[in-house]
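Following: one structure in structure tokens, then a few remarks.
Just so it is clear, the model here is predicted, and its values are computed rather than measured.
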Amino acid sequence: MPHPWQDTELSAAERAADLLARMTLEEKVGQLSAIWPGSDAGGEDVAPLQHQFTGNDGPPGSAPGPASPDTLPPHGPGQLTRPFGTLPVEPLEGARALADLQRRVMANNRFGIPAQAHDECLTGFTAWQASILPTPLAWGATFDPELLERAAAMIGESMRAVGIHQGLSPVLDVVRDPRWGRTEESIGEDPQLVAELATAYVRGLESSGVVATLKHFAGYSASRAGRNHAPVSMGPREMADVILPPFELALREGGARSVMHAYTDTDGVPSAGDPELLTELLRERWGFTGTVVADYFGISFLELSHRVADGPGTAAVLALEAGVDVELPVLRCYGEPLVDAVRSGAVSEELVDRAVLRVLIQKCELGLLDPDWDPTAPALRPGAPATLVTPDGPGDGSPDGPGPRIDLDPPALRDVARRLAEESVILLANDGTLPLRPGLRIGVTGPFADESAAMLGCYTFPRHVGVEHPELPLGVELPSLLESLRAELPQATIDHHPDPGTAAALSLPMADGARPDVWVVALGDRSGLFGRGTSGEGCDAADLELPENQGALLDALVDTGVPVVAVLLTGRPYALGRWADRLAGIVQAFFPGEEGGPAVAGVLSGRVNPSGRLPVGVPRHTGGQPGTYLAPPLGRHNDASSLDPGALFPFGHGLTYTSFAWEDPAIDTPTLPTDGRGADGAGEAVARVSVTVRNTGDRAGTEIVQLYLHDPVARIVRPVQRLIGWARVTLEPGASARVTLDVHPDLASYTLRPGRRIVEPGALELRLAASSEDVRHSLALQLTGEEHTTGPNRRMTCPTLVEPLPAVPTDPGAVPAAAEPTTEEVSAPAG
């Protein structure tokens, strides 16, 4: 008869408690450890100080824990770190190797407990031959949570198929300073946008059975001067109202089962050693019951970087007491040093039990403790889905040859990658040159015109790991912008100028009659890690000047007198003020992934009508930033300073190739009680804000209706306005739809002091806008009653309804009424 912990009829908590009671201290600690196969191989680090921790020398003052699968820790490990994302491995062979390693792990402990295997999945599964989706900053540009949720579900399915249980994504850090190298990994500068898109990603990943891990909790993106790992100077209100809401929504409505602490310290307290953050807020107030995992080497950094611990044992005690359950990526502090700390009385064994119980409950939920659990990956089992396994493909990753092949870049996922890429491209400015007409002579130049890697962020496999293996094929089809333009515009004459150099060099092709009708110049970032690129983790910028002297190239192109279209393939926004009125067009794409080349080319040709909107403002001045649109009155331009910090192109801005009219704005309930209760004391009171959007152009297109809240008078200084909801509206020419957003009083709440969020009575203004600076209609809303303190279940989103309206017959001889100015008619709005 099986033991209770093996009884699948019992709850996960009951089973885990029974197993915990049977374990020795050493066996418990084994479940909190990890190994990182392949991390001690040669090459550059993919985590901070990786080789100091995984190499033979180890970090100062101590020996490293085991990194190799040849050396398993006693009674463990509890986690396997990045089986696919550390070294190139053909998917089929990787799945087999992982299954074999799991069998060894199970044999290494008395209860046959397998390890929980995790990997990165920020832009798709970070594995060789896996689909590469746009970077999170591009997600933000789509304003499309439904599509992102579908993408995440498919990413999770591919991970689960090869034996991965946990994904270290998404990143919920709200951009506060775009000089930060990890801006590309973030969704945007607005907490509402970050919250809703991250929550959609979490829902999708969790729906596939893969544990989503929220990172980095909390404040990481607000480091001083945008420097990675730098201290955070932030008050509790900014933390509560800007940084924390995305995590709260992703836990409450997304169902994330794991959280990763941040590397940084806030006001002198490291996140890894902060019980107020990891226990009091996360668990006691928010009710989180999953696991908190360490960012890589983060527990050791309590000793080696923050200097709040005098050794691995002290660091282990601080982290365990704060609420960190699992040490990643390798064992150093939560092994023998933790056992010694318990034996000496420095920390209670009850805290070890607390962490281990959470780990075991999660393993129960994943099926890892079921008696019939099989380490063989689902893709290797009989009856594996044909969408994942190709029976007649090669088994070694080569283009030809017999044997099965696991397809981590299936057509359906590639199609989603294409749609995300197309929706993420932003048309910032256009004087009518775009879309490019058939038959033009196009001069294509710039450092990234024929560079496929220009489409990829730092957490894609080719840029994260593949750069250390130049002999390795990319593993996926990845056309450059030049290749994509030639395929997109077969009737055009496209001349590539790979190294234009100076203005004189640019004039050479014009002397023999080959003068282009338009220049397309591809500028941007080279993603990398820890200084090996211009964008990415540890690649922070001193200012927001275009990198590597690309501004000089742009100046030289403009001086030729030929219209110039700038295509920006970047991981952050760059200051474009000096070219604001000198360019024929500006197209922004934030590392759009494997389908990025065709997506950008499709926008240039007009095949794709752009619908992307800026998730971060584009600055005017290289030194007039950082800043986000979430500024109070004194944070905006005023007579007290000669410097205008406003954006050249603001948050939410984006043009299309059609035009839209916004008509008949209305609010059904202009007065609401602060507590949001219905008139009869039951139900909820909401204000329904609506507007009709009509496509007045000659082609189908998508408008993003954004709703901002302006609070004229508050008890503390507040942003002039902030996004509270939006709707994507796709319409054929002449078609219209009624857009409705339900506004609950909770959406007007703000933090008065730590732990107290209020809704106060008074006048509000709801702004229907095409960007944070392009308000189309304003509607008044009055909140009445007493000041209301919100509870843990406050409303955090605006439910949205888009209803198509019947077509209205038009009189061919009628003169159309003048429409309100639209985003599509403005090339460079004022900051």
Could you state the interatomic distance from CZ (Arg532) to CD (Glu537), rounded to the nearest 0.5 Å?
-> 9.5 Å
Do the charged groups of Glu146 and Arg203 touch, with an N to O distance under 4.0 Å?
-> no
Charged N-O contact under 4.0 Å between Arg179 and Asp540 | no
Backbone N or O of Leu147 within a donor-acceptor pair of the Arg419 side chain at under 3.5 Å?
-> no
Using a strict cut-off of less than 4.0 Å between a Lys/Arg side-chain nitrogen and an Asp/Glu carboxylate oxygen, indicate whether Arg607 and Glu422 qualify as a salt bridge.
-> yes
Any side-chain donor near an acceptor of the partner, Tyr574 and Asp525, under 3.5 Å | yes
List the atom of Ala647, the atom of Gly617, and the distance in Å for their closest heavy-atom pair.
-> CB-CA, 4.3 Å
Where does the angle between the aromatic ring planes of His229 and Tyr263 fall among parallel (under 30°), tilted (30 to 60°) and perpendicular (over 60°)?
-> tilted
Give the minimum heavy-atom separation between Trp139 and Leu197, together with the two atoms involved.
-> O-CD1, 3.6 Å
Nearest atoms (heavy-atom pairs only) where Ala200 meets Pro145 | CB-O, 3.2 Å
Salt bridge Asp555-Arg582, side-chain N to carboxylate O under 4.0 Å | yes
Looking only at heavy atoms, the pair that brings Phe590 and Gly571 closest together is CD2-C, 4.4 Å
Test Met455 against every option in Ile132, Thr460, Leu481 by the side chain to side chain contact (heavy atoms under 4.5 Å, CB included) rule and name the one that passes.
-> Leu481
Applying side chain to side chain contact (heavy atoms under 4.5 Å, CB included) between Leu214 and each of Ser169, Pro246, Pro170, report the one that passes.
-> Pro170
Do NZ/NE/NH1/NH2 and the carboxylate oxygens of Glu185 and Arg182 come within less than 4.0 Å?
-> yes
Any ion pair linking Glu594 and Arg414 (charged N to carboxylate O, less than 4.0 Å)?
-> yes
Looking only at non-hydrogen atoms, find the nearest pair between Leu428 and Gln588 and report the distance.
-> CD1-CB, 3.9 Å
Can you tell me how far CG of Leu133 sits from CG of Leu413, rounded to the nearest 0.5 angstrom?
-> 5.5 Å
Side-chain donor or acceptor of Asp409 paired with backbone N/O of Ala130 under 3.5 Å = no
Considering non-hydrogen atoms only, spot the tightest contact between Met234 and Ala222 and give its length.
-> CE-CB, 3.1 Å
Angle class for the Phe247/Phe217 ring planes (parallel below 30°, perpendicular above 60°, tilted otherwise)?
-> perpendicular
How about Tyr220 and Asn228: does a side-chain donor come under 3.5 Å of a side-chain acceptor?
-> yes
Quick one: pull up CD1 in Ile187 and CG in Asp190 and give me the separation to the nearest 0.5 Å.
-> 11.0 Å
Within the 6.0 Å centroid threshold, strictly below: Trp128 and Phe84 = no
Donor-acceptor contact below 3.5 Å, side chain Ser223 vs main chain Val232 = no
Around atom CZ of Arg227, are there more than 12 heavy atoms of other residues, nucleotides or ligands at under 6.0 Å?
-> no
